[in-house]
Amino acid sequence: MAGCIVPQLHPFMLIASFIVYLILVAGIGYRAWRQTQTVDDYLLGGRRVGASVAALSAGASDMSGWLLLGLPGLAVLNPTAAGVTALGLLLGTWCNWRFVAARLRQSSAALEALTLPDYFARRFPAHGRTLRALSAGAIVIFFLLYTSAGLVACGKLFHASFGIGYEASVLLGAAIVLTYTLFGGFLAVTWTDALQALIMLLALLLVGFTLQATEAAPAHLADSLNTVSTVAWLSALAWGLGYCGQPHVLTRFMALHPSASVRRARRLGTGWAGFGLAAAILVGMGGTDLVAIGGDPEQVFIRAVEAVLPPALAGFCLAAILAAIMSTADSQLLVTASALSEDLRSLWGASRERVESGGLRQGRIAVLAVSLGATILALDPGAAVFDLVARAWAGFGATFGPALLISLYRDDASGAGALWGMLTGLVTVVAWPWLPQHGFGIYELLPAFGLSLGVNWLVCASLVRHGKTA
């Protein structure tokens, strides 16, 4: 069926599905808005998020439109690479819940830290100002890329489903995401993310099993096995290293209620990720022939929905793409806004009391500013969701991951080690693709994470040998 024309769905069914979904999200956002009174409420939900909500919210904000567009698109091109990437992500999900969640919840609460930069600044007060500035700057830079990836996915969704121009589709998606993030804050984000996680998983399973992987899929898989090198396998698995540095996931750990069961959250979050990743790859493999020659492989889920499902179910599944996009974009906007309103204001000399008094208003202004920046980046119709996410994922994973792990597991961790490790990871991620053969074909997260961890560890060990702890 290569190059086939897929019949378009009845516009009424699509529009009705989207309207029902948006009304539901708006209701959740309104309820959260009624319960959002302080900066702590707006940025961390008052640290009263339950295990189930935290697990589903972390998964949805992590996977996003990448799970319904980017990963199936990779499976169209190379199912083996998609499978190894999924394996790395699944291992990373489990390890993040197992080795980071409980310790970060306890440590951030003890330090009264509301954001990741705030955590580093309070954990290492001797270098707090510099660490806060570096962390907040990295968050703004990489989340602009990450959020723009979600808006690119929005553009592809509305353009393919309704025939709306790409630029107008991006603007429409940005308006939807901005509206409820602006007013509801963290509670709106987590509650809607939990709902969106369920919608995403149901849609993927429904489409994946309906397609039932065509007879050509095994041959396609066999061909891809012969084209994936050892370097490519290691690069794909390295995606799992990025988890311990993703601010929008780590804030879920910080927001957990003290009585919430981390073990329960780990099981639920890992299970959700496993089923979702497997179904996404099944969609890509089974829908390969639905993508026209020379077409955009990241639209395979959309084409599969239009080809194999009745209008009512198709509308539900396409609304799931919007759910996925919103679940990550809102989290990213909120974390970036907190970096601008909470962390950078502190650097400019505002006291904690002044930050608290103007925090809600400043946070919402920051959400608006970041949304505008991400929208401008997303207006490029040639942008690819997978590529944008890969770069942002590597940036966060290498910049924050090693520093966070060492801060949680070494009593003699130092601010100097964290600072030099962060800089090493950040610079390596930015510079690596400029090396020959686009970084020798190695995903930049792998060398950047290793170098960042090594530098941090060596600085800590050197200071200990010299009897210093700064």
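Since the model is a prediction, treat every value here as computed from it, not as a measurement.
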> Closest heavy-atom contact between L282 and G208?
CD2-O, 3.2 Å
> Are the side chain of S452 and the backbone of A398 linked by a donor-acceptor contact shorter than 3.5 Å?
yes
> Between P117 and I139, is any pair of side-chain heavy atoms under 4.5 Å apart?
yes
> Could you check whether any side-chain heavy atom of E298 comes within less than 4.5 Å of a side-chain heavy atom of P72, counting everything from C-beta outward?
no
> Around atom OH of Y409, are there more than 12 heavy atoms from other residues, nucleotides or ligands closer than 6.0 Å?
yes
> Counting only N and O atoms by type, is there a donor-acceptor contact under 3.5 Å from the side chain of W272 to the main-chain atoms of G59?
no
> Are W97 and Y243 near enough that their ring centres are under 6.0 Å apart?
no
> Give a yes or no answer on whether the side chain of W432 reaches the backbone of I442 with a donor-acceptor pair at less than 3.5 Å.
yes
> In Å and rounded to the nearest 0.5 Å, what is the CG to CG distance from L111 to D118?
8.5 Å
> Just how far is it from atom CG of L379 to atom CG of L171, taken to the nearest 0.5 Å?
5.5 Å
> Mind listing the closest non-hydrogen atom pair of S261 and A51 along with its distance?
O-CB, 3.3 Å
> Do S235 and V231 come within less than 4.5 Å of each other through their side chains, counting heavy atoms only?
yes
> Run the side-chain contact (heavy atoms from CB on, under 4.5 Å) check on L116 and T251 step by step: do they pass?
CA-CA 8 Å; L116 194 59; T251 52; 6.0 Å; no
> Please give me the minimum heavy-atom distance between L56 and A194, naming the atom from each residue.
CB-CA, 3.8 Å
> At what distance, to the nearest 0.5 angstrom, does CG of L68 lie from CD1 of I199?
11.0 Å
> Can you name the residues that form a salt bridge (Lys or Arg N to Asp or Glu O under 4.0 Å) with R267, not counting sequence neighbours?
none
> Would you kindly check if the NZ (Lys) or CZ (Arg) of R391 is within the cone defined by 45 degrees around the ring axis of F142 and under 6.0 Å from the six-membered ring centre?
no
> Between F396 and H248, what is the ring plane arrangement, given parallel below 30°, perpendicular above 60°, and tilted in between?
tilted
> Under the criterion side-chain contact (heavy atoms from CB on, under 4.5 Å), I'd like the reasoning laid out for V429 against L445: C-alpha separation, chi angles, the key distance, then a yes or no.
CA-CA 7 Å; V429 164; L445 175 57; 5.8 Å; no
> Can you tell if the side chain of F400 reaches within under 4.5 Å of the side chain of C244, non-hydrogen atoms only?
no
> Quick check: do L250 and Y119 have side-chain heavy atoms less than 4.5 Å from each other?
no
> Flag the pair Q246 / D62 as yes when at least one side-chain heavy-atom distance between them is below 4.5 Å, and no otherwise.
no
> Picking from V389, L388, L69, L377, what satisfies side-chain contact (heavy atoms from CB on, under 4.5 Å) with V152?
L388
> Taking the side chain from T288 and the backbone from M285, do they hold a donor-acceptor pair closer than 3.5 Å?
yes
> For residues L405 and N456, determine if any side-chain heavy atom of one lies less than 4.5 Å from a side-chain heavy atom of the other.
no
> Output, in order, the C-alpha distance, side-chain angles, deciding distance and verdict of side-chain contact (heavy atoms from CB on, under 4.5 Å) for L268 and S52.
CA-CA 7 Å; L268 180 58; S52 298; 4.0 Å; yes
> Once rounded to the nearest 0.5 Å, what's the spacing between atom OG1 of T399 and atom CG of L404?
12.5 Å
> Please name the pair of heavy atoms, one in A55 and one in G269, separated by the smallest distance, quoted to 0.1 Å.
CB-N, 3.8 Å
> Could you tell me whether the side chains of R123 and S407 share a donor-acceptor contact shorter than 3.5 Å?
no
> When you measure from the side chain of S107 to the backbone N and O of R103, does any donor-acceptor pair fall under 3.5 Å?
no
> In sequence, state the C-alpha distance, the side-chain angles, and the governing distance for C317 and L309, and then conclude on side-chain contact (heavy atoms from CB on, under 4.5 Å).
CA-CA 9 Å; C317 289; L309 296 181; 3.6 Å; yes
> Give a yes or no answer on whether the side chain of R105 reaches the backbone of H257 with a donor-acceptor pair at less than 3.5 Å.
yes
> Pick one: which of N78, L90, L277, L74 meets side-chain contact (heavy atoms from CB on, under 4.5 Å) with T85?
L74
> Going from CG on N96 to CZ on R252, what distance comes out if it is rounded to the nearest 0.5 angstrom?
12.5 Å
> How are the rings of Y443 and W239 set to each other: parallel, tilted or perpendicular (split at 30° and 60°)?
parallel
> Quick check against the 3.5 Å criterion: does Q299 have a side-chain atom that pairs as donor or acceptor with the backbone of K156?
no
> Using 0.5 Å steps for rounding, measure from the CG atom of L145 to the CH2 atom of W393.
14.5 Å
> Write down the atom of A75, the atom of G284, and the distance for their closest heavy-atom approach.
CB-CA, 3.8 Å
> Quick one: closest heavy-atom pair of A280 and L71, and the distance?
CB-CD2, 3.9 Å
